[in-house]
Amino acid sequence: MSQNDLFSGGDSSNELPSDSAAESIQSLRNHINEHNHKYYVLDEPSIPDAEYDRLMRELQALEDANPELITSDSPTQRVGGAPLVGFTEVQHERPMLSLDNAMNADEFAAFYQRVQDRLKTDEPLEFACEPKLDGLAISLLYVNGVLERAATRGDGQTGEDVTQNVRTIKNVPLRLQGNQTPTRIEIRGEVYMPKAGFDAYNDRARENEEKVFANPRNAAAGSLRQLDSRITAKRPLEFCAYSLGIVSDDFDMPDTHSAQLAQVQVWGVRINEEMRVVNGLEEAQTFFTQLGEKRHQLGYEIDGTVFKINSLALQETLGFVARAPRWAIAYKFPAVEELTVLQDVDFQVGRTGALTPVARLKPVHVAGVTVSNATLHNMDEIARLGVKIGDTVIVRRAGDVIPQVVAVVEERRPDDARDIVMPPACPVCESHIERVEGEAVTRCTGGLVCSAQRKEAIKHFASRKALDVEGLGDKLIDQMVAASLIDSLDDVFHLTLDDIAGLERMAEKSAQNVLNALEKSKATTLGRFIYSLGIREVGTVTAQNLANHFGFLERIMNASVDVLLDVPDVGNIVAQHLVNFFAEEHNRTVIEQLQKSGVHWDESEPVNAADDAPLAGKTAVITGTLSDMSRDDAKLALEALGVKVTGSVSAKTDFLVAGDKAGSKLTKAQNLGVRVFDEEAFKALLKTPRLD
Ligand code: JCF
C-alpha cells in the first residue's frame with residue numbers, strides 16, 4: 001500500500017474527469033479539515049506532518065488543474081486554525097505569511113528558475129538561508145523598545161494574543177537593547193522547544209503518567225496555548241527571530257534580509273546561528289545538503305531549510321500570492337514521521353531486567369532510514385496511546401534515538417486488532433516478573449540467572465562496594481562474557497589461569513592477580529554479600545541494615561514483608577523486592593553455589609536495633625588512609641555499632657578516625673578538641689565499643 005492511498009484512496013493524477021475530480025477534492029478537504037481540527041484545536045495530531053503535506057499537495061494539484069472547483073473555504077485558502085476561545089484576537093497589520101515547500105532538488109531548482117524568470121535575469125540569485133525550525137510562528141511587537149504584545153500567526157490575518165505566555169520565555173527580550181530602535185517594530189520568529197528540554201519534559205510526564213507530547217512542535221504549541229501562563233513558564237521554550245513585520249519609518253533599516261536580521265541581533269534578539277548568505281543554485285543546494293548532515297547534531301528540531309531572496313527590493317518586485325511569498329521557499333528534509341502498521345509487539349529484557357515492549361513494524365522509510373522497530377516504553381505508554389496490534393501508527397525518528405510510536409490512527413483500526421499483553425514470565429529466563437506499585441516498569445526478578453542481565457549482575461557483584469574483586473573491571477567482564485567464560489555469578493570462582501590469560505591484552509601476571517583477588521574476595525561480610533546480589537533498591541546502607549538486624553542470611557531469605565518492615569530504611573517497595581528475589585528458586589541456587597565455592601562471612605546474633613547499639617547516637621568522621629581496611633568498610637563497621645558517620649568535622653563530632661596522611665580534618669578536630677583515634681585505637685574501639 002502506498003502512503004498516498006491510505007487516506008485519499010484515489011488517484012492523484014491531474015487528468016481526472018471533472019466530477020471525479022470534484023469528488024476527490026471534497027474527500028481530501030474533509031480529511032484535511034478533520035486533521036486540521038485535531039492538530040490546531042485539540043493539539044492531538046492524528047497523521048504525520050509528511051502525510052498531511054502530501055494530502056495538501058494532492059489537493060493543491062487537483063485545484064490547480066481544476067481552478068473552477070476552488071472555493072473560499074478550501075483548506076488551501078488559509079494558513080492555520082481558528083483562534084482558541086479564551087485568547088483575545090489580534091489583527092496582524094501585515095499578514096503573517098507561510099512558506100511554499102520544495103520536497104526535492106527538482107522542485108527547488110524549479111523554484112529557482114521561476115524566480116529568475118520573474119526577475120528576467122540569468123545572474124546567480126543571492127539567498128539568505130537558515131534552518132526551518134519546527135515550532136510555532138510568533139509576532140513580537142515592540143513599542144519604544146518595549147515588548148508590548150505577542151501574537152500567534154493564527155490564520156495569517158488574525159492571531160491570538162499570547163503576550164503573558166511569551167513574556168515567560170527567557171530569551172525573548174522584554175526591552176530591546178540599545179537606544180536606537182524604531183518607535184514600532186514587529187519581530188517575527190519561531191517559538192520552539194529544544195530537543196533536550198522536550199525529552200526531559202516527556203520523561204517526567206511519562207513517570208508521572210501525564211500527557212506526553214508527540215513532537216517538539218506540539219510541545220511548543222501546547223505550552224504557548226496555556227491560558228495559565230505559570231504553566232508556560234515551566235516549559236523550556238525558546239524564541240528565534242527570522243523576519244520583520246511592520247517597522248515604523250523613523251529608523252533607517254538595512255536593505256537586505258541578512259543585514260536586517262543582524263540589526264535585530266544587535267537589539268538582543270536571537271537569530272539562527274546557522275544563517276548564511278549564498279550565491280547561486282549550487283551554493284544553495286550545498287547549504288541544504290550540509291545542513292541536512294548536521295541536522296541531528298543541532299539542539300533543536302528542524303524540518304528543512306528556508307531560502308529567502310536577500311535583497312528586499314527584489315522581494316518587493318516578486319511580491320506574494322495568496323498565502324506565501326514568491327521570494328522564499330521551505331526546502332524540506334525527508335520527513336521524520338511516517339505511517340505504518342504495528343504488526344506485533346515483543347518484550348525485550350534490558351540490562352537491569354526492565355521489560356520493554358518493542359513494536360515490530362511493517363518496514364517504512366523515515367528520514368532516509370528503514371524503520372522496522374520502535375520502542376513503546378512501557379505498559380502505561382501503551383495504555384496512553386491506546387495502541388493495539390494491527391493498528392496503523394505514526395512512527396517518529398528524531399536523530400539517532402530509537403524510533404518511537406507517537407500516535408495511533410484509530411480510524412484505520414482493523415476488526416481483528418489485538419490487545420498488547422505483558423507475557424506471564426520473563427521471555428529470556430522464565431523467571432517471575434514483577435511490577436512494583438507506583439512504578440511504570442515491569443521487571444524480571446531473575447537478576448542473577450537471566451542472561452539479559454548477567455553482565456550487569458557480574459559487574460555489580462565484583463564492584464568495590466560489593467565483593468570488591470580488584471582487577472575484575474567492567475572491560476574484563478565484557479571480555480569474559482563474550483568468550484562465554486562466565487554465565488552465572490559463581491562461574492567467576494571457577495576461572496582458571498589459562499581462561500583469564502587467554503583473553504586479549506591479558507598478561508599472565510595480571511591474570512594471576514585477578515585470581516588472587518577473587519580468592520581474597522571470598523572472605524566478606526554479610527552486608528557486602530547481600531549488597532553484591534544486586535537486589536533492586538538494596539544499596540549498601542540497606543544491605544548493612546539487613547545484616548545488622550537479622551545477623552544470619554538464612555533469616556533474611558525467609559523473612560516476610562512484615563518482618564522486613566522492621567528494618568531501618570526498609571519500606572514496602574524494598575521489602576517486596578527482597579521477598580520476590582528470594583522467592584525465586586534460581587536465586588537461591590546461585591547463593592548456594594557461591595557458598596560452596598567458598599564465599600563466607602561471619603554470622604552472629606544481631607547487634608540490636610540502632611537505639612541500643614553500643615555507640616548509638618554518636619557521630620564520627622573518618623579521614624586519611626587505613627592500612628587494614630577501606631574507609632567504606634570502616635564506615636560500615638561503625639554504622640553497625642550505631643555511629644553516624646559524616647563527612648566534615650564540627651563541634652558536634654564525637655570522634656575522628658585518622659588514618660595515614662590525615663590532613664585538614666585532623667587539624668580541625670585537634671583545634672576543636674574532638675577526640676582522635678589512630679588506626680590502632682580504632683581497632684581497639686571496634687573490639688570493645690565503648691567511649692569513656
Ligand atoms: O523556521 C521557520 N519555521 C521559519 C518560518 C523561518 C522563516 O524564515 C519563515 C517562516 C515562515 C514564514 N519565514 C517566513 C516568511
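Atoms within each ligand, like the ligands themselves, are counted from 1 in listed order. Starting from 1, each residue takes its place in the sequence as its number.
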**Asked** What protein heavy atom sits nearest atom 6 (C) of ligand 1, and how far off is it?
**Response** Tyr242 CD2, 3.2 Å

**Fill in**
In this structure, atom 14 (C) of ligand 1 is nearest to the protein heavy atom Leu99 CD2, 3.6 Å

**Message:** For the 3.5 Å polar cut-off, considering only N or O atoms, please tell me whether Lys132 and ligand 1 meet it.
**Reply:** no

**Request:** Kindly assign one of parallel, tilted or perpendicular to the pair Tyr331 and Phe288, based on the angle between their ring planes and the thresholds 30° and 60°.
**Result:** parallel

**Asked** So is Val306 polar-close to ligand 1, meaning N/O to N/O under 3.5 Å?
**Response** no

**Asked** Is any side-chain N of the basic residue among Lys132 and Glu301 closer than 4.0 Å to the acidic one's carboxylate O?
**Response** no

**Message:** Counting non-hydrogen protein atoms only, what is the nearest one to atom 3 (N) of ligand 1? Give residue, atom name and distance.
**Reply:** Leu133 O, 2.9 Å

**Prompt:** Numbering the atoms of ligand 1 from 1, which are under 4.0 Å from a heavy atom of Leu97?
**Reply:** 12 (C)

**Request:** Mark the output for Lys308 as yes if a heavy-atom distance to ligand 1 is under 4.0 Å, and as no if none is.
**Result:** yes

**Prompt:** Is the centre of the Phe287 ring less than 6.0 Å from the centre of the Phe127 ring?
**Reply:** no

**Request:** May I ask you to check whether Phe198 and Phe213 place their ring centres under 6.0 Å from each other?
**Result:** no

**Item:** Pro363 vs Val371 side-chain heavy atoms within contact, under 4.5 Å
**Value:** no

**Request:** Decide whether an N or O pair under 3.5 Å exists between Ser98 and ligand 1.
**Result:** no

**Asked** Which atoms of ligand 1 are found less than 4.0 Å from any heavy atom of Glu130?
**Response** 6 (C), 7 (C), 8 (O)

**Prompt:** So, are Glu160 and Arg153 salt-bridged, with charged N and O less than 4.0 Å apart?
**Reply:** no

**Prompt:** Would you call Arg270 and Glu238 a salt bridge, using N to O less than 4.0 angstrom?
**Reply:** yes

